[in-house]
2 protein chains.
Amino acid sequence: MSRTETRERLFTAAIELIAERGFAAASVDEIAGRAGCAKGTVYYNFGSKNALFTALLEYGVERFGAALRGAAEGLAPLDALSAVVRAELVFIGEHESFARLLIAETWRAGGDWPQAARLIRERTIDVVGDVLRSAVAAGDLRADLDVGTAASAVFGMVLLVALDWRTLQPDRPMDEVHATLMDLLRGRITT
Amino acid sequence: MSRTETRERLFTAAIELIAERGFAAASVDEIAGRAGCAKGTVYYNFGSKNALFTALLEYGVERFGAALRGAAEGLAPLDALSAVVRAELVFIGEHESFARLLIAETWRAGGDWPQAARLIRERTIDVVGDVLRSAVAAGDLRADLDVGTAASAVFGMVLLVALDWRTLQPDRPMDEVHATLMDLLRGRITT
DNA sequence: ACTTTTGAACTGACCGGTCAGTACAAAACG
DNA sequence: CGTTTTGTACTGACCGGTCAGTTCAAAAGT
């Protein structure tokens with residue numbers, strides 16, 4: 001078994017368990033068990049439970065951010081926005097547990113690690129912010145738009161809607177959800 | 001010390017600690033300590049840590065829902081939407097810890113209590129849904145609007161934006177945040 | 001040979017829950 | 001009126017169990 005493969009198995013196991021029970025309640029024994037390896041392997045590979053969690057967050061956010069950035073690439077600003085929203089839906093559909101973990105563990109109040117988690121989340125939100133900024137620069141969106149708040153609004157809206165979608169109506173086609181979200185964003189709600 | 005007073009002190013202490021560390025990591029000893037009473041008192045009043053948490057969720061969601069419902073009362077549909085969004089911002093501003101707890105502990109995957117938590121959260125979202133439904137009935141919003149998804153989107157958007165607001169720019173006037181959100185919802189983003 | 005993994009045993013801290021007992025005020029009693 | 005009882009709210013030491021983290025010798029993989 002290669003080291004990276006073991007690491008990935010541990011990642012997915014930890015993501016699932018932490019999404020289900022939260023970081024504190026997910027025991028290392030159980031994570032190792034679900035990943036099909038021994039407890040010692042966790043400590044050989046990561047050194048500590050916290051380090052495993054941090055590595056996992058970075059790994060996941062890296063992929064998440066890359067997926068969003070990749071979706072926007074080479075598109076006109078407004079198309080890019082639509083593509084980023086879709087990419088966020090797709091990513092969450094495929095990595096539901098990670099999304100739950102992200103939402104559950106990164107909006108804590110005070111403490112020690114939240115800085116890391118918060119920065120990571122911001123980095124994800126910033127991709128949306130960049131897309132909005134381009135749209136403003138291209139004259140597609142109002143010049144006085146508060147890009148920071150809007151980015152956070154779009155990202156958060158899609159995140160929570162996606163989780164409700166997976167939880168309550170998983171059979172619903174993604175395009176419908178995407179269409180509703182884009183209608184909302186483009187002001188096509190009012191008559 | 002009256003029973004209800006003790007209960008409320010335990011509520012606020014538990015809300016703060018769970019928002020900071022999560023349910024599993026918030027120890028009953030510490031909750032009791034911060035509330036200024038003994039551990040036994042928690043068990044005398046609630047019977048278990050889980051029961052304390054459930055009671056606390058119901059207590060908080062009751063107030064949250066009432067605040068939203070009260071804000072919408074007697075207003076024309078579109079004004080009601082604006083008022084509900086503002087009420088959500090106000091409530092989160094005043095009960096930031098509870099909002100963090102709500103977001104962190106109610107989007108878990110499987111398990112035992114999530115039903116309770118999820119239903120409770122839905123009950124809050126449903127207030128937004130009702131407002132949207134009235135607006136559709138009044139002809140202010142498109143008849144084919146997917147009210148469920150839109151309600152979840154509005155609620156989630158405001159929730160995450162409010163938390164970012166409290167965390168990153170607490171000095172910013174609430175009206176600005178509110179205005180940006182309403183611009184987003186009314187399609188005043190595009191040029 | 002060298003890296004990686006195993007799995008079991010152990011430690012020490014911490015945590016949820018229990019329970020016998022305290023404090024005390026309002027009733028019931030004589 | 002004094003005293004006894006009762007019920008409520010609370011206390012905090014204590015118990016059984018769990019868990020992160022350590023250690024290590026042996027096996028497996030490359």
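The shown structure was predicted, so the numbers you read here are calculated from the model rather than taken from an experiment. Letters A, B, ... mirror the listed sequences (proteins, then strands); counts begin at 1.
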Under 4.0 angstrom between B:Thr41 side-chain N/O and D:dA9 OP1 or OP2: no
Nearest-Å distance for atom pair CD/C1', residues B:Glu30 and C:dC15: 11 Å
B:Phe64 and B:Phe155 aromatic ring geometry - parallel, tilted or perpendicular at 30°/60° bounds: tilted
Nearest-angstrom distance from the residue atom CZ of B:Arg9 to P of D:dC10: 10 Å
ring-ring contact (aromatic ring centres under 6.0 Å, His included) partners for B:Phe46, two or more places apart: B:Phe11
Between C:dG17 (P) and B:Ile31 (CD1): distance, integer Å: 11 Å
Gap between atoms CG and P, on A:Asn45 and C:dG7 respectively (whole Å): 15 Å
Summary of salt bridge (charged side-chain N to carboxylate O under 4.0 Å, His left out) pairs that have at least one residue in residues 37-66 of chain B, sequence neighbours excluded: B:Asp29-B:Lys39
Gap between atoms OH and P, on A:Tyr44 and C:dC2 respectively (whole Å): 14 Å
Min side-chain heavy-atom separation A:Val158-A:Val84 under 4.5 Å: no
Non-hydrogen side-chain atoms of A:Leu52 and A:Asn45 separated by less than 4.5 Å: no
Euclidean distance, atom CZ of residue B:Arg7 to atom C1' of D:dA9 [Å, nearest integer]: 11 Å
Atom-pair distance (CG on A:Leu17; C1' on D:dC19), nearest Å: 14 Å
Under-4.0 Å side-chain N/O to phosphate OP1/OP2 contact, B:Thr6 with D:dA9: no
Got a list of protein N/O to nucleotides 20-24 of chain D N/O distances below 3.5 Å?
{"unit_1": "D:dA20", "atom_1": "OP1", "unit_2": "A:Ala26", "atom_2": "O", "d": "3.4"}
{"unit_1": "D:dA20", "atom_1": "OP1", "unit_2": "A:Lys49", "atom_2": "NZ", "d": "3.0"}
{"unit_1": "D:dA20", "atom_1": "OP2", "unit_2": "A:Val28", "atom_2": "N", "d": "2.9"}
{"unit_1": "D:dA20", "atom_1": "N7", "unit_2": "A:Lys39", "atom_2": "NZ", "d": "3.4"}
{"unit_1": "D:dG21", "atom_1": "OP2", "unit_2": "A:Tyr43", "atom_2": "OH", "d": "3.1"}
{"unit_1": "D:dG21", "atom_1": "OP2", "unit_2": "A:Lys49", "atom_2": "N", "d": "2.9"}
{"unit_1": "D:dG21", "atom_1": "N7", "unit_2": "A:Lys39", "atom_2": "NZ", "d": "2.9"}
{"unit_1": "D:dG21", "atom_1": "O6", "unit_2": "A:Lys39", "atom_2": "NZ", "d": "2.8"}

Side chain A:Asp79, main chain A:Leu75, donor-acceptor under 3.5 Å: no
Euclidean distance, atom CD of residue A:Glu5 to atom C1' of C:dT5 [Å, nearest integer]: 13 Å
